[in-house]
2 protein chains.
Amino acid sequence: MSLAVIVVSHLPLPLKDHLILPAHQPQQNRLLAVLPEAERGRLFPHLEQVPMKLGHVLYEPGVALQHVYFPADSIVSLLYVMENGASAEIAVVGKEGIVGISLFMGGETTPSRAVVQSAGYAYRLPAPLLKEEFGRSGAVQHLLLRYTQALLTQMAQTAVCNRHHSVEQQLCRWLLLSLDRLSDNNLTMTQELIANMLGVRREGVTEAAGKLQTAGLISYSRGKIIVLDRPRLEKKACECYAVVKTEFDRLLPDIMAN
Amino acid sequence: MSLAVIVVSHLPLPLKDHLILPAHQPQQNRLLAVLPEAERGRLFPHLEQVPMKLGHVLYEPGVALQHVYFPADSIVSLLYVMENGASAEIAVVGKEGIVGISLFMGGETTPSRAVVQSAGYAYRLPAPLLKEEFGRSGAVQHLLLRYTQALLTQMAQTAVCNRHHSVEQQLCRWLLLSLDRLSDNNLTMTQELIANMLGVRREGVTEAAGKLQTAGLISYSRGKIIVLDRPRLEKKACECYAVVKTEFDRLLPDIMAN
DNA sequence: GCGGCAATGTACGCAAGCGTACGGATGAAA
DNA sequence: TTTCATCCGTACGCTTGCGTACATTGCCGC
């Protein structure tokens, strides 16, 4: 049984590091970017920019969230960690989404964990403010519900993929999903971490990634992955990637455009 | 590659069969049962009782729904069918839930299919009426969102289970989930169909079910399964069943009670 | 520039599950 | 009672991925 080694470090983030924050640009998050004027006016003043460090845990199973997070250039994995320590990624959230849907869905918590998979920044909003805005039954509610359905599709497809597809196919899918949520073609991600996300052995990832590298689709070295030939990567991936992508595009056209 | 053999028969249901409908009791569906007076008054007059025959397809991927379904004593599987015909169950809906969440989530359709897994009856409501009621931001919206979160947990756990657990463990989980949605201990379900749901070979189910029967946990013959020792079945199941059950109980205490 | 550690490469036996094939059993229909 | 389709049992070779162990390689800090 492969025991997942996961970096657990809790919020609050150490503000004492004298980090140079980038300009305050909540619109980097696409969900925030498409909000109408009125909603922006109400929410943006309360958004707080926070650094998202690799491995940081945004929330643990069963613990109520104090904030929701809108990733800007970071990526967050929702993953379930089993009793024996093995793990599996349920879904991934980037600049197209929001972390903490259980707040407006009404459950307050989930059985899963949210971990920063790719470092960067996010904007966070105190939970009560989001709930209040959601309660207005306006643009925010409409958008968040559609986003939730898209997320739901991603989870469903993850289940299918886990059942039927090879490690190599899943790796392709995973790379593409991550790529869509970043600005360039470079991922910072060791094979060990990818293995934890996919719920497979590290060696399995090594082998699959080796094949992709030999084929000239990607290049990687010590945690830096560069996608060289995205079209061919898409061909290698199983249908799951396309299904999820198509559904996101359909449900959230304004957000996925660009 | 195992090609799933699925009975495809489209609605509208053949009303010409001179079926003797049971008494009109929408409260059999727990979601309907816990609605406040006002909501009942608005919705119940429009509920239509419909027979749910084994294998009937309530909706196909990408096709907009005309109704939502509230199962009474029937069970519906949400499953994804791959391009090559293989399939995998995403979630299961019984008297605790509703089929057609994409209507109020805003997407209108999903990439999955809804199939009757256990015959019986359901109550259906025209889509516009549900949407209108959801828009009131009252008890119905609150309940449906919490139910959706529970469903989401089920999907997530299905993904985990598909990744990490054996066919035998998954069979136990599946039997228990089905059992919770029925009134007695008898399932009418061939191993072939179970295999399609779990996304495994029929032979795999035969072997796993054989072990369970030898151990005295269940008894089955030609599509009739009787659960003899539920406590031990729960012990054999992976943690996934308990996680989902606990989460449903937490999110929907009134509904899951009893 | 060099030790040390993290990241990656490789190898080997093993178990689970797949694809395939076919035989036996059981219930329903004729 | 016989027929027949459906459902279930079993078997065999094969592939994938797991568990384990250990070797190598490149980066970072000293």
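All chains are named by letter (A, B, ...) in the order of the sequence lines, taking the proteins before the strands, and each is independently numbered beginning at 1. What you are looking at is a predicted structure, and each value in this text was computed from that prediction instead of being measured.
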Report, one pair per line, the protein and nucleotides 21-23 of chain C atoms (nitrogen or oxygen only) whose separation is under 3.5 Å.
| unit_1 | atom_1 | unit_2 | atom_2 | d |
| --- | --- | --- | --- | --- |
| dA21(C) | N6 | Glu203(B) | OE2 | 3.0 |

Legend entry - Nearest-nucleotide 5' precedence on DNA chain C, Glu207(A) against Arg163(A): Glu207(A)

Inset, instruction - Measure from the side-chain N and O atoms of Glu96(A) to the backbone N and O of Gly94(A), and report whether any donor-acceptor pair falls under 3.5 Å. - result: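 Here the side-chain-to-backbone pair exists.
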
Legend entry - Chi angles and distances behind the side-chain contact (heavy atoms from CB on, under 4.5 Å) call for Thr188(B), Leu54(B): CA-CA 9 Å; Thr188(B) 300; Leu54(B) 182 65; 5.6 Å; no

Looking just at side-chain N and O atoms, do [X] and [Y] make a donor-acceptor pair shorter than 3.5 Å?
| X | Y | value |
| --- | --- | --- |
| Asn186(B) | Tyr220(B) | no |
| Arg113(B) | Ser87(B) | no |
| Thr246(A) | Arg250(A) | no |
| Gln117(A) | Glu89(A) | yes |
| Arg163(B) | Gln170(A) | yes |
| Tyr121(A) | Gln49(A) | no |

Inset, instruction - Would you mind telling me which residue lines up with the more 5' stretch of DNA chain D, Glu168(A) or Tyr220(B), judged by nearest nucleotide? - result: Tyr220(B)

Inset, instruction - Measure from NZ or CZ of Arg181(B) to the centre of the six-membered ring of Phe248(B) and say whether it is under 6.0 Å with the direction within 45° of the ring axis. - result: yes

Inset, instruction - Between dG17(D), dG9(C), dA7(C), spot the one nearest the side chain of Thr190(A), thanks. - result: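 Among dG17(D), dG9(C), dA7(C), the one nearest the side chain of Thr190(A) is dA7(C).
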
Legend entry - Inter-end axis angle, the helix from dG1(C)-dC30(D) to dA30(C)-dT1(D), with every axis fitted to five base pairs (rounded, 10 degrees):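 About 30°, once rounded to a multiple of 10°.
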
Could you check how far [atom1] of [X] sits from [atom2] of [N], rounded to whole Å?
| X | N | atom1 | atom2 | result |
| --- | --- | --- | --- | --- |
| Gln213(A) | dT10(C) | CD | C1' | 16 Å |
| Met189(A) | dA6(C) | CE | P | 18 Å |
| Leu212(B) | dG9(D) | CG | P | 12 Å |
| His164(A) | dG17(D) | NE2 | C1' | 17 Å |
| Ile194(A) | dG9(C) | CD1 | C1' | 16 Å |
| Asn162(A) | dG17(C) | CG | P | 15 Å |
| Lys211(B) | dG17(C) | NZ | P | 8 Å |
| Gln169(A) | dT16(D) | CD | C1' | 12 Å |

Inset, instruction - Check whether any side-chain heavy atom of Val243(A) lies under 4.5 Å from a side-chain heavy atom of Tyr80(B), and answer yes or no. - result: yes

Legend entry - Short side-chain N/O contact from Gln191(B) to OP1 or OP2 of dG9(D), under 4.0 Å: yes

Legend entry - OP1 or OP2 of dC18(C) under 4.0 Å from side-chain N/O of Arg201(B):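 The answer is yes; a side-chain N or O of Arg201(B) sits under 4.0 Å from OP1 or OP2.
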
Legend entry - Heavy atoms from other residues, nucleotides or ligands near CD of Gln213(A) exceed 12 (cutoff 6.0 Å): yes

Inset, instruction - May I ask you to say what Gly223(B) touches in the nucleic acid, namely base, sugar-phosphate or nothing, with a heavy-atom cut-off under 4.0 Å? - result: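 Sugar-phosphate contact only.
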
Legend entry - Footprint string (nucleotides 24-30 of chain C, 5' to 3'): B base within contact, S backbone only, - free, heavy atoms under 4.0 Å: -BBS---

Legend entry - Salt-bridge present (Arg230(A), Asp180(A); N to O < 4.0 Å):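 Looking at Arg230(A) and Asp180(A), the cut-off is met.
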
